[in-house]
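We number each residue from 1, following the sequence as shown.
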Amino acid sequence: MQTSENQRPAQERHVPVMLERCVRLLEPALTAESPVVVDATLGMGGHSEALLEAFPALRIIGVDRDPQAHELAGARLRRFGERFIPFHGVYDEIPEALEQAGCAAADGVLFDLGVSSLQLDERERGFAYSYDAPLDMRMNAEDELTAERIVNEYDEGRLRRVLKELGEERFAGRIAKALVEVRQDHRISRTGELVEILTRAVPAAAQRTGGHPAKRTFQALRIEVNQELEVLTRAVPAALDAIRIGGRVVAMSYHSLEDRIVKRAMTSRAVSSAPKGFPVELEEHRPELKILTRGAEPPTAEEIEANPRAASAKLRAAEKIRDTRTAR
């Protein structure tokens, strides 16, 4: 009997992005007797599994808002026993996750941002524009806001702002107007109909060179539904605050909005805070972080060939070199 996609184990459904590079970047921080890593975006547990296999003394706190992710990752990581500690929450809740696990600080934090393979593959959740499904896009099914509510209930101006700011959509105005016109006749409830509306609204010439006409709108709706940028703006500083001296934060993002937030949070702490012209750099002015990557590292061509979903990944990493946890 053929096994359906949502019945297959996580190992068969998920190829972790830039796995070897993430492990190598975290490795120098995991030399303590009992190191702790927060996998802030657990997903199907691929990165956590590799880290637990590579470092026998390591404990991982796996954070995810998606109950289905916990179910799949929990089954995948069950063999590690108490070395894997699940936490149901959003990835800005790193302090709460550490407290629940009885840990004062972390040696590493890993972010694999954006929509997970699990969410893309579960058709009924409406994350993908390649097949028809309900307009949902919630990472946590208990949340109230859905893509359907946004499409049908935001006024035209607010729709235009969401599409332009979160999807970087050039034709945000045309799309917002088209959505308002259609919903005057009936409620838009399926991804298939939304794709049809977007295909009509985006000029044909732009579709020939700019990729699928629904790509940016689906990105914008997903980010708005899950408040991803607001969460990330809190999450990266929380991670940097949570690690010990020598601890490392590794973050993979998949579009410029995410990468910009990660870059700003890291680089702002990697420079001296001494006032301009100050004759001596005091201890409290020294940089808190050392940047470990040269800009945003892309995946290799070999990895993209093996895992096409890695194509847009951008990786940044930083190491804490001055402890400020007691000062904050």
Side-chain angles (χ1 to χ4, degrees), residues 17-18 21-22 25-26 37-43 47 63-66 89-98 106 108-116 119 127 137-140 143 145 150 161-169 172 215-243 247-271 273 287-299 309-320 324-325 328:
V17 174
M18 299 183 76
R21 182 60 174 146
C22 290
L25 281 166
L26 287 169
V37 164
V38 178
D39 185 345
T41 49
L42 176 64
H47 290 97
V63 179
D64 209 294
R65 69 176 93 183
D66 189 338
V90 188
Y91 47 84
D92 62 344
E93 298 180 89
I94 292 169
E96 292 84 350
L98 284 166
V109 179
L110 175 65
F111 293 98
D112 185 8
L113 300 165
V115 63
S116 72
Q119 290 153 350
F127 283 98
M137 301 194 191
R138 289 175 295 178
M139 293 180 178
N140 182 355
D143 293 341
L145 185 61
I150 294 170
R161 286 193 300 274
V162 166
L163 298 176
K164 184 175 181 179
E165 294 173 9
L166 303 185
E168 300 178 294
E169 174 55 73
K215 180 179 179 180
R216 293 179 179 83
T217 293
F218 271 63
Q219 172 184 301
L221 293 174
R222 189 201 80 226
I223 291 172
E224 177 73 2
V225 166
N226 298 290
Q227 299 295 293
E228 292 176 41
L229 299 188
E230 290 87 346
V231 171
L232 184 58
T233 299
R234 298 188 296 268
V236 182
L240 297 172
D241 288 342
I243 55 174
R248 294 184 168 200
V249 173
V250 177
M252 285 176 291
S253 56
Y254 294 85
H255 55 76
S256 60
L257 299 173
E258 289 175 338
D259 181 58
R260 199 174 301 143
I261 291 171
V262 174
K263 177 183 178 181
R264 187 183 303 124
M266 288 183 174
T267 56
S268 67
R269 300 192 189 197
V271 295
S273 61
E288 177 185 342
L289 299 178
K290 178 175 72 174
I291 303 299
L292 301 172
T293 50
R294 182 174 294 180
E297 289 187 5
R309 287 179 180 172
S312 60
K314 297 177 180 179
L315 183 149
R316 295 183 186 271
E319 177 183 345
K320 178 168 280 190
T324 61
R325 283 182 294 133
R328 289 185 187 277

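Here the closest heavy-atom approach between residue Met18 and residue Ala313 is recorded as SD-CB, 4.2 Å. Residues Glu258 and Gly114 approach most closely at OE2-N, 3.2 Å, considering heavy atoms. For Ala265 against Leu240, the heavy-atom pair with the smallest separation is O-CD1, 3.8 Å. Shown here for Ala310 and Pro299, the closest heavy-atom pair between the two residues is O-CG, 3.0 Å. Between Ala239 and Ile94 the shortest heavy-atom distance is CB-CD1, 3.7 Å. The two residues Gly108 and Leu26 come nearest to each other via the heavy atoms CA-CD2, 4.1 Å.
At a threshold of 4.5 Å between non-hydrogen side-chain atoms, the residues Leu315 and Leu25 count as touching. The closest side-chain heavy-atom distance from His255 to Ile223 is below 4.5 Å. Taking 4.5 Å as the limit, every side-chain heavy atom of Asp241 sits out of range of all side-chain heavy atoms of Pro95. Val236 places a side-chain heavy atom less than 4.5 Å from the side chain of Leu232.
The line from CG of Leu221 to CE of Met137 is 5.0 Å long, rounded to the nearest 0.5 Å. For the atom pair CG (Leu42) and CZ (Arg65), the distance works out to 13.5 Å, reported to the nearest 0.5 Å. For the atom pair OG1 (Thr41) and CG (Asp39), the distance works out to 5.5 Å, reported to the nearest 0.5 Å. Rounding to the nearest 0.5 Å gives a distance of 6.5 Å between CE of Met266 and CD1 of Ile291. Residue Glu169 holds its CD atom at 6.0 Å from CZ of Arg216, rounded to the nearest 0.5 Å. Between atom CD1 of residue Ile150 and atom CG of residue Leu145 there is a gap of 4.5 Å, rounded to the nearest 0.5 Å.
A donor and an acceptor atom, one from each side chain of Tyr254 and Asp112, are located under 3.5 Å apart.
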>> Assess the residue pair Val262 and Leu113 against the criterion (side-chain contact (heavy atoms from CB on, under 4.5 Å)); give the C-alpha distance rounded to whole Å, side-chain angles, the decisive distance to 0.1 Å, and a yes or no.
In response: CA-CA 11 Å; Val262 174; Leu113 300 165; 4.2 Å; yes
>> One pair to check against side-chain contact (heavy atoms from CB on, under 4.5 Å): Glu93 and Val63. What are the steps and the verdict?
In response: CA-CA 8 Å; Glu93 298 180 89; Val63 179; 5.6 Å; no
> How far apart are the C-alpha atoms of Met252 and Arg21, what are their side-chain angles, what is the distance that settles it, and do they pass the side-chain contact (heavy atoms from CB on, under 4.5 Å) test?
Replying inline: CA-CA 11 Å; Met252 285 176 291; Arg21 182 60 174 146; over 6 Å; no
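Legend: residues meeting ring-ring contact (aromatic ring centres under 6.0 Å, His included) with Phe111, ordered by chain and number and at least two apart, are absent. Considering only residues two or more places apart in sequence or on other chains, Gln219 meets the side chain to side chain donor-acceptor pair (under 3.5 Å) condition with none of them.
Applying the side chain to side chain contact (heavy atoms under 4.5 Å, CB included) test between Ser253 and each of Lys314, Arg260, Arg316, Lys263 identifies Lys314 as the sole match.
Among residue pairs with one or both ends in residues 222-236, those qualifying as side-chain hydrogen bond (donor to acceptor under 3.5 Å, both in side chains) are Asp92-Arg234, Tyr154-Glu224, Arg222-Glu228; sequence neighbours excluded.
Side chain of Glu319 to main chain of Leu292: no donor-acceptor pair is present (N/O by atom type, distance under 3.5 Å, no hydrogens or angles). Put simply, the side chain of Arg248 never gets that close to the backbone of Ala317: no donor and acceptor are under 3.5 Å apart. The closest donor-acceptor contact from the side chain of Lys320 to the backbone of Ile243 lies under 3.5 Å.
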